[in-house]
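Whatever order the structure lists them in is the order used to number ligands and atoms, beginning at 1.
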Amino acid sequence: MRGRFAAACLGLALGLAACAPQPGRSDSQPQEELIVVGMSQVGAESDWRVANTESMLAVFQEENGYRLLFEDARQRQDNQIASIRKFIQQQVDYIVLMPIQETGWDSVLQEAKEAKIPVILVDRTVQVEDEELYAVHIGSDFAREGQLAVDWLKEYLDQRRQAAEEAQPSEQIPSEAAAAEPQPVQVVHLQGTLGSTAQLGRTAALEQAVQEEGWNLLAQLDGGFTRAKAYEEMREFLAQSPAGTPIDVVYCENDNEAFGAIQALEEAGYRCDAQTGVIVVSFDATRHALELCLEGKIALAVECNPLLGPLTEQAIRQLEAGEPLQRHQYVEEGYFTPQTVTPQLIQERPY
Ligand code: GZL
Ligand code: ZN
């Protein structure tokens, strides 16, 4: 298996001018001993993504027996498809794909299958006719993450409503308006990259809760998992809304969107505060989000684990050894609130 890449390199070298020996090559394992991994990463859109890339680079090193061919797709599926075709030509031993979206992979994964190159999906997944087009999917259960968020939100909103009712002086005769049905919960939804597994799972949970609870979805904005886009979209929405439009919840499908949304909300005079202001919900639980959670600016930080390098390497070891492996591998994830996050917990977080 490994010799293929070396042979391809040699063939190329013989065809062209002799390929210059790598200056100062360490005495690490000879070329043909290395397992060659072609890796296509989505981009560098978020803190989560940067941590995910770092986790991969830390594991796929020469001294661990790997040659890593790493390509950044800059948020474009066509770049990922081009990278995969290049890896096939280079006859890599394995392809590791972090797929930006779920659809559009059948033909290029079929080409990898015909080239007998196993494909490992990391983080998000793909929807393909034939599941045999990939060896394993290692990532998060995004539907579960969304469910964690909305279950917590339902509970929290009830508590806050009860606290408000108890706080109301009993002798005050409720006006007709107050006695009438309480205002529905007003929600602004910032979605992640449309069509990505993370967005689909997190959105489905919110949309179901909106139906079940009768919440009012003020807007669904495409924040693209980035701070900049979320800031623009939220600022635009607020500029087009009547001043002081009541907003109870802003549901951000990742932390970088929450950072942008909070900036736009505060610039428009809103207070983001779990107890007394806008309830901001976010996903990833990266360090900066946990700092905002400690302050109460983020009311709920749902964890999404980017440190998938070791599990990916373990899957390759199992495939090398011809061992059977579990096709879908999910990482454990929890969530944080201002009540549970602490300064030392933030200190200890690896990302
Ligand atoms: C989730 C991952 C998402 C993160 C975002 O596993 O796909 O993409 O939630 C990242 O931060 O951009
Ligand atoms: Zn399956």
Side-chain angles (χ1 to χ4, degrees), residues 39-56 72-77 79-80 96-103 105 120-127 136-150 189-206 221-231 233 250-262 280-290 292-293 298 300-312 328-336 349-351:
M39 183 174 288
S40 172
Q41 175 60 293
V42 166
E45 73 282 4
S46 66
D47 296 15
W48 186 99
R49 186 66 53 194
V50 170
N52 178 245
T53 293
E54 284 167 2
S55 170
M56 292 292 169
D72 173 330
R74 292 183 305 287
Q75 304 296 322
R76 293 178 56 92
Q77 181 180 34
N79 288 341
Q80 293 201 290
V96 174
L97 170 65
M98 288 71 134
I100 183 165
Q101 63 193 60
E102 295 207 334
T103 56
W105 300 100
I120 295 165
L121 300 179
V122 173
D123 177 27
R124 308 169 189 175
T125 191
V126 301
Q127 292 306 329
V136 59
H137 166 234
I138 298 164
S140 298
D141 181 346
F142 300 105
R144 179 176 171 277
E145 288 176 1
Q147 205 52 51
L148 275 178
V150 298
H189 180 192
L190 275 156
Q191 296 185 284
T193 305
L194 300 180
S196 68
T197 317
Q199 175 269 314
L200 294 167
R202 294 167 185 168
T203 289
L206 178 68
L221 310 170
D222 175 3
F225 283 138
T226 67
R227 176 190 185 122
K229 190 136 184 338
Y231 172 74
E233 290 289 322
V250 175
Y251 183 96
C252 303
E253 292 188 353
N254 88 327
D255 292 341
N256 296 77
E257 293 185 349
F259 305 155
I262 289 169
V280 176
V281 170
S282 184
F283 293 82
D284 286 349
T286 54
R287 181 174 291 112
H288 184 47
L290 293 181
L292 292 177
C293 189
I298 288 181
L300 178 72
V302 179
E303 193 177 22
C304 179
N305 187 338
L307 308 181
L308 301 173
L311 277 176
T312 307
H328 296 279
Q329 300 180 17
Y330 296 117
V331 287
E332 270 309 300
E333 291 164 343
Y335 62 81
F336 301 92
R349 296 283 288 178
Y351 59 92

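- Within ligand 1, the atoms closer than 4.0 Å to a non-hydrogen atom of N254 are 5 (C), 9 (O), 11 (O), numbered from 1 in the order shown.
- To the nearest 0.5 Å, the span separating CG on N254 from CG on N256 amounts to 5.0 Å.
- Checking L308, I100, D255, D123 against atom 1 (C) of ligand 1, the nearest heavy atom belongs to D123.
- Note on E303 versus R349: salt bridge recorded, some NZ/NE/NH1/NH2 to OD/OE distance being below 4.0 Å.
- With ligand atoms numbered from 1 in the order given, ligand 1 contributes 2 (C), 7 (O), 8 (O), 10 (C) to contacts under 4.0 Å with heavy atoms of R49.
- What sits closest to atom 12 (O) of ligand 1 on the protein, heavy atoms only, is E45 OE2, 2.5 Å.
- Residues T193 and Q199 have side chains that never bring a donor and an acceptor to within less than 3.5 angstrom of each other.
- The atoms of ligand 1 that sit less than 4.0 Å from any heavy atom of S46 are 5 (C), 10 (C), 11 (O), 12 (O).
- Residue C304 approaches ligand 1 through these ligand atoms, each under 4.0 Å from one of its heavy atoms: 1 (C), 6 (O).
- Looking from atom 4 (C) of ligand 1 to the surrounding protein, the closest heavy atom is D284 OD1, 3.4 Å.
- Ionic pairing of D123 and R49 is present here: one or more N-O contacts between side-chain nitrogen and carboxylate oxygen are shorter than 4.0 angstrom.
- In this structure, the protein non-hydrogen atom closest to atom 8 (O) of ligand 1 is R124 NH2, 2.7 Å.
- Residues passing the salt bridge (charged side-chain N to carboxylate O under 4.0 Å, His left out) test with D255: none are found, sequence neighbours excluded.
- The shortest separation from a heavy atom of R202 to ligand 1 is under 4.0 Å, placing the residue in contact.
- For F283 and Y335, the gap between ring centers reaches or exceeds 6.0 Å.
- Take L292 and apply the side-chain contact (heavy atoms from CB on, under 4.5 Å) test, not counting sequence neighbours, and it matches F259, I262, H288, E295, K297, I298.
- The side chain of F142, and not its backbone, has at least one atom closer than 4.0 Å to an atom of ligand 1 (non-hydrogen atoms only; side chain from C-beta on).
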